[in-house]
Amino acid sequence: DAFNVNRQNVEKEKYNLAKNYSLFFEVDEKDPRSVMYLLEYVELPLNKELHDEVQKKHKDLTLLENELTQAFSYYQHYFPKEKRPEIYTYISSLDFEHPVDWIDSLHTVVVALDMYLGSTFKPYYIAPLNLFQYQTYKLQEKFIPVDIFKAAARAKYENLEYEGNTMIEKMISEGKVQYFVNAMMPFAEDSTRLKYTSKQMEWAKNSELGLWRFFVDKKLLHSEDYVAYKKYIEDGPFTFSEETDSPGRIGEYIGFKIVKSYMENNKVTLKDMLLAAPEDIFNNSTRYICCCICLNTTRACRSINGDSN
């Protein structure tokens, strides 16, 4: 709507925009700059280019809307007393760091559609972003629901940002967020929820046991080394340079598997899991940990867990 504003009657138009989109436009009757700010926003060449591209790329949002409707049905299952939030889309001038904001207090979600124009969108690769291919891969429309529910988990459970400094605590904290997304989108493929390519997903699944042994052998689980954190938790083109199909954020994948095992083997609600300390989840995920350590035989795992099946 902002880009269709009548330039000849912008003084009146700004009030209509402020009324309908108070999140984006604040109008001060005594401040003439409010009109200037609005015009600057819609007439900025970058924003006009982004708006035109969004109109082409996101012309039909039917598939996205259907997927969100499905996901929010699960959301309301877990949070029956909460109403579905209103979703607003806008042009962010390429806000890479905050493509989605979940504002829990306002029951509102804000999505920057200009950050989901696909990996072929050339402005992503030049200033001011200067992104790499592994980053632009994640700027696809199919990842909007994933980002919405990742934002929801962090907005609703602020403890997820401050759950410890060790590698295992960080892994499980990220795994909690990923499990939340999984709960809201059980119909989606693992690779979509994790934002992995099919090759990366295959590598992660095939390497799972070896990865656990690697973290144990290298004594990384209780490490607070920031360099290790950046390598195994933060995003990147790959985790191991000699294994280019190894995805970045591999610690998030392992953390998700730990949390998944914890949920499958303990009578815990989604909310309780999100509030649980990573140490408690780790200590009560013995089935997963055991099966990763006991690589030679599953019989040992069964005996340790008291399981004869």
Side-chain angles (χ1 to χ4, degrees), residues 50 53-75 84-85 87-103 108-125 129-156 160 174-205 233-239 245-253 255-256:
L50 293 172
E53 191 65 25
V54 163
Q55 292 301 304
K56 289 189 293 184
K57 190 74 174 181
H58 300 297
K59 185 176 182 179
D60 184 0
L61 293 175
T62 303
L63 290 176
L64 174 62
E65 290 170 351
N66 290 341
E67 192 166 78
L68 285 173
T69 296
Q70 191 175 1
F72 274 111
S73 69
Y74 286 97
Y75 177 81
R84 174 175 171 169
I87 299 178
Y88 294 90
T89 61
Y90 79 117
I91 304 300
S92 70
S93 303
L94 300 178
D95 187 355
F96 178 71
E97 297 298 328
H98 302 95
V100 171
D101 280 321
W102 179 291
I103 309 172
T108 299
V109 179
V110 181
V111 180
L113 285 181
D114 55 318
M115 293 314 305
Y116 297 96
L117 293 173
S119 60
T120 60
F121 187 53
K122 292 181 180 179
Y124 288 157
Y125 296 94
L129 293 183
N130 297 311
L131 299 180
F132 296 98
Q133 181 72 37
Y134 78 89
Q135 295 171 304
T136 61
Y137 171 77
K138 302 172 182 68
L139 305 183
Q140 300 183 60
E141 182 181 299
K142 69 177 182 178
F143 295 130
I144 291 177
V146 176
D147 286 345
I148 285 176
F149 288 107
K150 289 184 82 168
R154 297 189 187 282
K156 300 178 77 63
L160 296 173
E174 293 298 324
K176 285 182 177 185
V177 175
Q178 189 56 230
Y179 189 88
F180 183 93
V181 175
N182 182 77
M184 304 303 142
M185 301 176 60
F187 52 85
E189 295 182 359
D190 289 343
S191 58
T192 298
R193 292 193 298 264
L194 285 156
K195 298 188 186 178
Y196 287 173
T197 66
S198 57
K199 286 186 176 181
Q200 288 174 329
M201 194 71 252
E202 182 181 6
W203 187 95
K205 289 181 176 180
I233 303 294
E234 291 192 354
D235 203 9
F238 43 72
T239 296
D245 285 337
S246 63
R249 300 174 289 108
I250 198 64
E252 178 182 349
Y253 173 73
F256 167 66

Item to check | Separation between CE of Met185 and CG of Leu68, rounded to the nearest 0.5 Å | outcome: 8.0 Å

Next on the checklist: Using a strict threshold of under 4.0 Å (side-chain N to carboxylate O), is an ion pair present between Glu53 and Lys56?
Outcome noted: yes

Next on the checklist: So for atom CD, which belongs to Glu234, do other residues, nucleotides or ligands contribute more than 12 heavy atoms lying within a distance under 6.0 Å?
Outcome noted: yes

Checklist entry - So do the side chains of Phe96 and Gln135 get within less than 4.5 Å of each other, counting heavy atoms only? => result yes

Checklist entry - If we only count heavy atoms from C-beta on, is the Phe256 to Glu252 side-chain gap below 4.5 Å? => result no

Checklist entry - Sequence neighbours excluded, which residues qualify as salt bridge (charged side-chain N to carboxylate O under 4.0 Å, His left out) partners of Glu174? => result Arg154

Checklist entry - Are any side-chain N or O atoms of His58 and backbone N or O atoms of Tyr116, one a donor and one an acceptor, separated by less than 3.5 Å? => result yes

Checklist entry - With distance as the sole test, does Arg84 use its side chain to make a donor-acceptor pair with the main-chain N or O of Tyr75 at under 3.5 Å? => result no

Checklist entry - Any side-chain heavy atom of Glu67 sitting closer than 4.5 Å to one from Lys142? => result no

Checklist entry - Where do Thr192 and Val146 come nearest, in terms of heavy atoms and distance? => result O-CG2, 3.6 Å

Checklist entry - Looking at CE of Met201 and CG of Asp245, how far apart are the two atoms once the value is rounded to the nearest 0.5 Å? => result 12.5 Å

Checklist entry - How about Pro247 and Tyr253: do any of their side-chain heavy atoms sit closer than 4.5 Å? => result no

Checklist entry - Can a salt bridge be assigned to the pair Asp235 and Lys195 using a cut-off of 4.0 Å between side-chain N and carboxylate O? => result no

Item to check | Euclidean distance, Leu61 CG relative to Ile87 CD1, rounded to 0.5 Å | outcome: 10.5 Å

Checklist entry - Counting distance only, does the side-chain N/O of Tyr125 pair as donor-acceptor with the main-chain N or O of Thr136 below 3.5 Å? => result no

Checklist entry - Got Met115 and Leu129 here, is their nearest side-chain heavy-atom distance under 4.5 Å? => result yes

Next on the checklist: Keeping Ser246 on the side-chain end and Thr239 on the backbone end, is there a donor-acceptor pair under 3.5 Å?
Outcome noted: yes

Checklist entry - Would Leu131 and Phe121 count as a side chain to side chain contact (heavy atoms under 4.5 Å, CB included) if you check the C-alpha gap in whole Å, the side-chain angles of each, and the deciding distance to 0.1 Å? => result CA-CA 11 Å; Leu131 299 180; Phe121 187 53; over 6 Å; no

Item to check | Nearest heavy atoms of Thr62 and Asp60, plus distance in Å | outcome: OG1-OD1, 2.5 Å

Item to check | Between CZ on residue Phe143 and CG on residue Leu194, distance to nearest 0.5 Å | outcome: 10.0 Å

Checklist entry - Would the number of heavy atoms belonging to other residues, nucleotides or ligands and lying under 6.0 Å from NZ of Lys156 be above 12? => result yes

Checklist outcome for this item: Between Tyr124 and Leu117, the two heavy atoms sitting closest are OH-N, 3.0 Å

Checklist entry - Are Glu202 and Tyr196 close enough that some pair of their side-chain heavy atoms sits under 4.5 Å apart? => result no

Checklist outcome for this item: In this structure, OG1 of Thr69 is separated from OH of Tyr74 (nearest 0.5 Å) by 13.0 Å

Checklist entry - Does a side-chain heavy-atom distance below 4.5 Å link Asp95 with Asp114? => result no

Next on the checklist: Can you classify the ring geometry of Trp102 versus Phe72 as parallel (below 30°), tilted (30 to 60°) or perpendicular (above 60°)?
Outcome noted: parallel

Next on the checklist: Using side-chain heavy atoms (C-beta onward) and a distance below 4.5 Å, is Gln133 in contact with Pro237?
Outcome noted: no

Checklist entry - To the nearest 0.5 Å, what is the distance between CG (Asp101) and OG1 (Thr108)? => result 11.0 Å

Item to check | salt_bridge(Arg193, Asp190) N-O dist < 4.0 Å | outcome: yes

Checklist entry - Which atoms form the tightest heavy-atom contact between Ala153 and Leu160, and what is the distance? => result O-CD1, 3.6 Å

Next on the checklist: What verdict does the side chain to side chain contact (heavy atoms under 4.5 Å, CB included) test give for Ile144 and Leu113, after you've listed the backbone C-alpha separation in whole Å, the side-chain angles of each residue and the deciding distance to 0.1 Å?
Outcome noted: CA-CA 9 Å; Ile144 291 177; Leu113 285 181; 4.0 Å; yes

Checklist entry - According to the interplanar angle, ranging from 0 to 90°, do the rings of Phe132 and Tyr134 count as parallel (below 30°), tilted (30 to 60°) or perpendicular (above 60°)? => result parallel

